[in-house]
Peer 1: 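Structure provided below as structure tokens; questions to follow.
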Protein chains: 2
Amino acid sequence: MKDTQISPSEWEVMRVVWTTHPITSKEISRILNEKKDWKLATTKTLIGRLVKKGMLTTAQNGRQYDYSPAVTEDESLKEASGHLLNQVCTRKVGELIEMMIESSTLSIGDLESLENIIQMKKENAPEVVACGCIPGQCTCS
Amino acid sequence: MKDTQISPSEWEVMRVVWTTHPITSKEISRILNEKKDWKLATTKTLIGRLVKKGMLTTAQNGRQYDYSPAVTEDESLKEASGHLLNQVCTRKVGELIEMMIESSTLSIGDLESLENIIQMKKENAPEVVACGCIPGQCTCS
DNA sequence: ATAAATAGTTTACATCTGTAATCGGTAGAT
DNA sequence: ATCTACCGATTACAGATGTAAACTATTTAT
């Protein structure tokens with residue numbers, strides 16, 4: 001139930017570890033060099049912070065560590081998307097998701113999955129979403 | 001085309017101004033008191049920062065200011081959702097959107113709108129989304 | 001006219017983030 | 001047995017963020 005935050009830079013590291021683990025700091029750094037002009041020290045700092053935040057686990061391997069994710073990408077994504085969703089009136093969430101779909105490239109398969117979920121959702125969808133905003137923070141009222 | 005960031009606390013203020021404008025700092029603070037235990041000074045600081053960032057415009061009105069948004073909520077939401085989308089492999093965006101739909105309450109109308117957009121999208125949807133990740137940051141390869 | 005209430009501005013200060021250099025210990029090379 | 005390369009840990013430091021007190025100028029009530 002903790003709500004530790006993964007910063008954007010830290011996220012870059014997490015993505016590497018989610019993709020490959022266990023993995024060493026050296027390897028993480030090597031991979032990220034393709035994308036970020038970070039010194040090895042920078043990557044190590046981020047790794048250290050992620051360990052402290054409990055997002056990475058360590059396994060001693062000789063004089064070094066092997067890192068593995070302590071949280072899944074999906075969990076973290078749920079967290080992150082939750083933050084975004086909380087920034088708008090619940091009644092505006094549909095619009096937000098529309099915007100996201102519009103601005104994304106999605107495959108036929110993706111779109112079909114979405115259709116299915118939407119179909120499901122429709123079974124129990126309310127006529128109108130309740131707005132939980134305080135007066136003055138949205139125009140629903 | 002600049003990329004000034006609206007922080008979570010600042011976002012609370014923006015939502016008030018998006019809802020009602022022009023509006024005074026006093027009124028913004030009064031509205032937010034319902035939700036945040038902020039001192040008037042805190043709200044003023046956030047307003048000041050938003051003005052400096054160019055997210056709010058001011059119009060002198062006697063000894064005080066009337067504030068109005070300099071960016072729309074939709075623009076800002078697009079920005080914010082773009083950040084989220086950029087945190088995952090393009091090929092995983094569909095899954096992310098699925099998660100968001102699943103964890104949200106959407107009205108029949110919302111769902112129908114989404115269906116329409118998806119229908120449109122399907123006309124030009126690729127069989128598979130191209131992955132733009134560097135090797136090691138996603139499992140597509 | 002003076003005092004009290006206000007409005008915005010400046011300053012404050014701890015934490016988080018981005019980015020990195022340096023330190024301290026140890027495994028491997030000579 | 002030393003020296004060197006390398007690992008994680010510690011320290012650094014500026015900018016962003018959360019939260020707010022203090023300051024300055026002005027308006028309004030007494």
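Here is the naming used below: chain letters follow the sequence lines, and residue numbers restart at 1 for every chain. Keep in mind the model is a prediction, meaning the values are calculated, not measured.
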Peer 1: Taking B:K78's backbone N and O only, do any of them form a donor-acceptor pair with B:S81's side chain (distance below 3.5 Å, no angle check)?
Peer 2: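 Flag set: sc B:S81 to bb B:K78 pair under 3.5 Å.
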Peer 1: Quick check on A:E34: does its CD atom have over 12 non-hydrogen neighbours (other residues, nucleotides or ligands) under 6.0 Å away?
Peer 2: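 Counting neighbours around CD of A:E34, 12 or fewer heavy atoms of other residues, nucleotides or ligands fall under 6.0 Å, so no.
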Peer 1: Is the count of non-hydrogen atoms from other residues, nucleotides or ligands lying under 6.0 Å from B:E127 atom CD greater than 12?
Peer 2: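 Not more than 12 within 6.0 Å, no.
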Peer 1: How would you give the extent of chain A contacts on DNA chain C, as first and last nucleotide 5' to 3' within a 4.0 Å heavy-atom cut-off?
Peer 2: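 Nucleotide range with atoms under 4.0 Å of chain A: C:dT17 to C:dA27.
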Peer 1: For B:D110 and B:S113, does a side-chain donor sit closer than 3.5 Å to a side-chain acceptor?
Peer 2: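 Short answer, no.
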Peer 1: Let's see if you can work this out: which of D:dT17, D:dG8, D:dT19 has an atom nearest to the side-chain heavy atoms of B:E10?
Peer 2: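 Closest nucleotide to the B:E10 side chain: D:dT17.
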Peer 1: What is the separation between atom NZ on A:K26 and atom P on D:dA5, rounded to the nearest whole Å?
Peer 2: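 Rounded to the whole Å, the gap is 13 Å.
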Peer 1: Is the shortest distance from a Lys or Arg side-chain nitrogen in A:R30 or A:E27 to a carboxylate oxygen in the other one below 4.0 Å?
Peer 2: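 Judged by the 4.0 Å cut-off on N to carboxylate O distance, A:R30 and A:E27 do form a salt bridge.
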Peer 1: Taking 4.0 angstrom as the limit, do A:E12 and A:K35 come out as a salt bridge?
Peer 2: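 Here A:E12 pairs with A:K35 in a salt bridge, since their nearest N and O are under 4.0 Å apart.
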Peer 1: I need the OH-P distance between A:Y65 and D:dG8, as an integer number of Å.
Peer 2: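 These atoms are roughly 8 Å apart.
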Peer 1: May I ask you to check whether over 12 heavy atoms, not counting those of B:D37, lie within 6.0 Å of atom CG?
Peer 2: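 Atom CG in B:D37 is not packed in, count stays at 12 or less.
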Peer 1: Once you round to the nearest 0.5 Å, how far does NZ of A:K92 lie from OG1 of A:T90?
Peer 2: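 A:K92 NZ to A:T90 OG1: 12.0 Å, rounded to 0.5 Å.
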Peer 1: It should be established whether A:S25 places a side-chain nitrogen or oxygen under 4.0 Å from OP1 or OP2 of nucleotide D:dC7.
Peer 2: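 Answer is no, no contact under 4.0 Å.
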Peer 1: Can you list, by residue number, the residues of residues 34-61 of chain A that have a non-hydrogen atom closer than 4.0 angstrom to DNA chain C?
Peer 2: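 Output list: A:D37, A:W38, A:K39, A:A41, A:T42, A:T45, A:L46, A:R49, A:K53.
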